[in-house]
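Here the structure comes first, spelled out in C-alpha cells, and everything after it is commentary.
Small disclaimer: the values here were computed from a predicted structure and weren't measured.
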Amino acid sequence: MIREDEAEVVRRIFASYLAGKGIDEIAAELTKDKVPKKDGGTKWYYRFHHRHRKHRSKGCKASVKE
C-alpha cells in the first residue's frame, strides 16, 4: 500500500539526488523545510555519516570519504 504523504518525500529525495545534490545537502533542505519523518520528527541527517562522526570523536580510526 502506497502512503502518498511518504511517497511525496521519497520522490523529493530522489529528484534532489538526480539533480546532483549530496545526501547531506538533501538532509539539510528537508530539515530546513520541516519535512516530517516517519517518527514525526523533522531533523534529517544521513545516519551513517552521523554515526561515523560520533565514532571519530571517540578515537575510532575507521575512515570514510566524505
Side-chain angles (χ1 to χ4, degrees):
M1 179 177 186
I2 296 173
R3 294 193 49 190
E4 194 53 42
D5 56 333
E6 292 178 4
E8 185 63 33
V9 175
V10 171
R11 284 192 285 273
R12 177 178 174 172
I13 291 168
F14 274 97
S16 293
Y17 181 76
L18 291 174
K21 294 180 182 178
I23 195 76
D24 289 328
E25 183 179 4
I26 295 167
E29 288 179 356
L30 293 169
T31 297
K32 181 184 75 120
D33 294 343
K34 296 184 172 119
V35 175
K37 300 184 309 176
K38 275 185 148 183
D39 67 4
T42 57
K43 173 72 175 158
W44 289 79
Y45 58 90
Y46 179 45
R47 281 189 213 162
F48 180 79
H49 186 74
H50 176 74
R51 190 168 48 237
H52 173 65
R53 284 184 178 168
K54 185 175 170 182
H55 287 293
R56 187 173 4 167
S57 67
K58 291 182 179 180
C60 181
K61 294 185 179 181
S63 66
V64 174
K65 285 186 177 179
E66 295 183 22

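- When atom types are taken as modelled, the side chain of Asp39 and the backbone of Gly41 share a donor-acceptor pair closer than 3.5 angstrom.
- No more than 12 heavy-atom neighbours from other residues, nucleotides or ligands sit within 6.0 angstrom of CD1 on Ile2.
- Taking 4.0 Å as the cut-off between side-chain N and carboxylate O, Glu29 and Lys32 do not count as a salt-bridged pair.
- Atom CD1 of Ile13 and atom NZ of Lys21 lie 12.0 Å apart (nearest 0.5 Å).
- Here the straight-line distance linking atom CZ of Arg11 with atom CD of Glu4 works out to 4.5 Å at 0.5 Å rounding.
- Proximity of a side-chain donor or acceptor of Thr31 to a complementary backbone N or O of Trp44 within less than 3.5 Å is detected.
- Using a 4.5 Å cut-off between side-chain heavy atoms of Ile, Leu, Val, Met, Phe, Trp and Tyr, with links allowed through other members, Ile26 and Tyr45 fall into different hydrophobic clusters.
- Linking Ile, Leu, Val, Met, Phe, Trp and Tyr residues whenever their side-chain heavy atoms come within less than 4.5 Å places Leu30 and Tyr17 in a single cluster.
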